[in-house]
Engineer: 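Below are the structure tokens for one structure; questions will follow.
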There are 2 protein chains.
Amino acid sequence: MSDTREVEALRAELTARDYRITKQRMKIVAELASVRRYVTARELHARLARARAGVGLATVYRTLETLQAVGAASARPVARGEMGYLFCPVAHHHHAVCTKCGKVEDVPCRSAQKFERALEADLRFRLTRHSLDFFGVCARCS
Amino acid sequence: MSDTREVEALRAELTARDYRITKQRMKIVAELASVRRYVTARELHARLARARAGVGLATVYRTLETLQAVGAASARPVARGEMGYLFCPVAHHHHAVCTKCGKVEDVPCRSAQKFERALEADLRFRLTRHSLDFFGVCARCS
DNA sequence: GTCTCTGCAAAGGGTTTGCAACGCA
DNA sequence: TGCGTTGCAAACCCTTTGCAGAGAC
């Protein structure tokens, strides 16, 4: 799979931004990259604990924050006051989330941009950012 | 403004769904309807307190939950673990949020639906729901 | 009169933070 | 060696809940 390449790219990005490459960070990144759905910090922490990774929950939170800062993870509220995190190192795109298995497909942004341009003219809004998520049932779950 | 009409419609909807029309609920609805941006429960509670409305914070939370249940409010995480609520009684649409003043413009859904149909064919996803928000600077703030 | 709703305060629980030890660069 | 990072646990703080009284219908 392409996880390895993506993780390598992320490692370079972290270094470029003066973040240090620590064992804990890389374990968290590897685990997050291997799960192609939104996971909570607690869930990620539990997975790492199961793998005897010895990473603290606070470190998981801190790393997830770092990953968001470098644009390698996206966050979304998933339950009562709990956030879900997804590894998504690609520049800018959207997600189609399976409501049964949680699987996430990447969706390119082109069409949304077309929508956005029409909107700018209509509303006289200078748009800088948008957030778009689709929910449904993936091919396998159907 | 059209607040009054929307609030009246909501009152009917609440009655139809066997929710009771209480002074507190109506005060909360009126306040939320008069603020055309995402506000937190605490902020709403503070505004009501300032107006000597005498509504408890727990009631604000419970009412906001009720409003979401009847589809009259939408929620969005706005800060560290805090949710923002917006009065939006219209069936289904999207929002353009001004990042300066917080003002929210409604965006019709038609184009997004077109995008959605193309996506269903591409990904073989059976889509049931989507969430789309735009952020930028409104005409007045420019 | 019944049953929902409210207010208060306490509990709950996800997330953040302080600080000393650790370890990457 | 210096400074960013980690782990632990406590602190934080938004949100929910229990319960008795109030109020809508």
Side-chain angles (χ1 to χ4, degrees), chain A residues 10-32 38-49 51-70 72-86, chain B residues 10-32 38-49 51-70 72-86:
Chain A
L10 175 54
R11 178 193 289 263
E13 180 68 21
L14 286 171
T15 301
R17 297 220 199 183
D18 288 331
Y19 287 107
R20 294 194 176 163
I21 305 300
T22 66
K23 282 197 293 289
Q24 292 91 333
R25 264 186 190 151
M26 288 305 116
K27 283 179 180 173
I28 293 169
V29 166
E31 190 63 40
L32 190 61
Y38 281 93
V39 288
T40 63
R42 295 194 93 81
E43 189 179 344
L44 200 54
H45 178 246
R47 283 170 157 272
L48 289 163
R52 304 275 188 284
V55 177
L57 180 57
T59 300
V60 172
Y61 276 109
R62 283 186 280 228
T63 299
L64 288 171
E65 197 180 331
T66 301
L67 292 180
Q68 287 184 83
V70 303
S74 105
R76 194 171 72 72
V78 289
R80 295 204 108 101
E82 208 169 1
M83 296 295 274
Y85 300 87
L86 178 74
Chain B
L10 174 54
R11 179 192 288 262
E13 179 67 21
L14 287 170
T15 302
R17 298 220 200 184
D18 288 332
Y19 287 108
R20 295 193 174 164
I21 306 299
T22 66
K23 282 197 293 290
Q24 292 90 334
R25 265 185 190 153
M26 288 305 115
K27 283 179 180 173
I28 292 168
V29 166
E31 190 63 40
L32 190 61
Y38 281 92
V39 286
T40 63
R42 295 194 95 82
E43 187 178 345
L44 200 54
H45 179 247
R47 282 170 157 272
L48 290 163
R52 303 276 188 284
V55 177
L57 180 57
T59 299
V60 172
Y61 276 108
R62 283 186 281 230
T63 299
L64 288 170
E65 198 181 331
T66 302
L67 292 179
Q68 287 183 82
V70 304
S74 105
R76 194 170 73 73
V78 288
R80 297 202 107 100
E82 209 169 359
M83 295 293 275
Y85 301 87
L86 178 73

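By convention in this document, chain letters (A, B, ...) are assigned in the order of the sequence lines, proteins followed by strands, and residues within each chain are numbered from 1.
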Engineer: State, yes or no, whether a side-chain contact exists between B/E31 and B/L44 at a heavy-atom distance under 4.5 Å.
Structural biologist: yes
Engineer: If you pin B/R25 and B/G81 to their nearest nucleotides in DNA chain C, which one's is more 5'?
Structural biologist: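 That would be B/R25.
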Engineer: On DNA chain C, compare the nucleotides closest to A/Y85 and A/K23; which residue's is nearer the 5' end?
Structural biologist: A/Y85
Engineer: Please pick, from D/dT6, C/dG14, D/dT16, the nucleotide with the shortest atom-to-atom distance to any side-chain atom of B/Y61.
Structural biologist: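 Of D/dT6, C/dG14, D/dT16, D/dT16 is nearest to the side chain of B/Y61.
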Engineer: Side-chain contact test, heavy atoms from C-beta onward, threshold under 4.5 Å: evaluate it for B/L32 versus B/T63 and give yes or no.
Structural biologist: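 Not touching, per the 4.5 Å side-chain cut-off.
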Engineer: Taking CD1 from B/I28 and C1' from C/dC5, how many angstroms apart are they, rounded to a whole number?
Structural biologist: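 Roughly 11 Å, once rounded to whole Å.
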Engineer: State whether B/T22 places a side-chain N or O below 4.0 Å from either non-bridging phosphate oxygen (OP1 or OP2) of D/dG23.
Structural biologist: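 Indeed not, no polar side-chain atom of B/T22 lies that close.
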Engineer: Taking atom P of C/dA25 as reference, at what distance in whole Å does atom CG of A/D18 sit?
Structural biologist: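 Interatomic distance, CG of A/D18 to P of C/dA25: 11 Å.
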Engineer: Quick check on DNA chain D: between B/I21 and B/M83, whose nearest nucleotide comes earlier from the 5' end?
Structural biologist: B/M83
Engineer: What integer distance in Å separates A/L64:CG from C/dG14:P?
Structural biologist: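 It is 15 Å, rounded to the nearest whole Å.
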Engineer: Considering only heavy atoms and no angle criterion, is a donor-acceptor pair shorter than 3.5 Å present between the side chain of B/R62 and the base of C/dG7?
Structural biologist: yes
Engineer: Would B/L48 and B/K27 count as a side chain to side chain contact (heavy atoms under 4.5 Å, CB included) if you check the C-alpha gap in whole Å, the side-chain angles of each, and the deciding distance to 0.1 Å?
Structural biologist: CA-CA 8 Å; B/L48 290 163; B/K27 283 179 180 173; 4.3 Å; yes
Engineer: How close or far is atom P of D/dC3 from atom CZ of A/R17, stated in whole angstroms?
Structural biologist: 23 Å
Engineer: What is the distance, rounded to the nearest whole Å, between atom NE2 of B/H45 and atom P of C/dG7?
Structural biologist: 8 Å
Engineer: Take the protein atom CZ of B/R11 and the nucleotide atom C1' of D/dC25, then report the distance between them rounded to whole Å.
Structural biologist: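 After rounding, the reported distance stands at 14 Å.
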Engineer: If you find the nucleotide of DNA chain D closest to B/Y19 and the one closest to B/A41, which residue's nucleotide is nearer the 5' end?
Structural biologist: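 With B/Y19 and B/A41 compared, the 5'-side residue is B/A41.
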Engineer: Given 3.5 Å as the limit, does a donor-acceptor pair link the side chain of B/H45 with the main chain of B/V55, or not?
Structural biologist: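 Indeed, once roles are kept as given, a pair shorter than 3.5 Å links the two residues.
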Engineer: Atom CG of B/L14 to atom P of C/dT4: distance rounded to whole Å?
Structural biologist: 16 Å
Engineer: Among pairs that include at least one residue of residues 16-25 of chain B, which meet side chain to side chain donor-acceptor pair (under 3.5 Å), considering only residues two or more places apart or in two chains?
Structural biologist: B/E13-B/R17
Engineer: Output yes when at least one side-chain N/O atom of A/Q24 is less than 4.0 Å from OP1 or OP2 of D/dG7, else no.
Structural biologist: yes
Engineer: For the side chain of A/R20 and the base of D/dC3, is some donor closer than 3.5 Å to an acceptor across the two?
Structural biologist: yes
Engineer: Give the rounded distance in Å between these two atoms: CG of B/L57 and C1' of C/dG12.
Structural biologist: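 So the two atoms are 15 Å apart, to the nearest Å.
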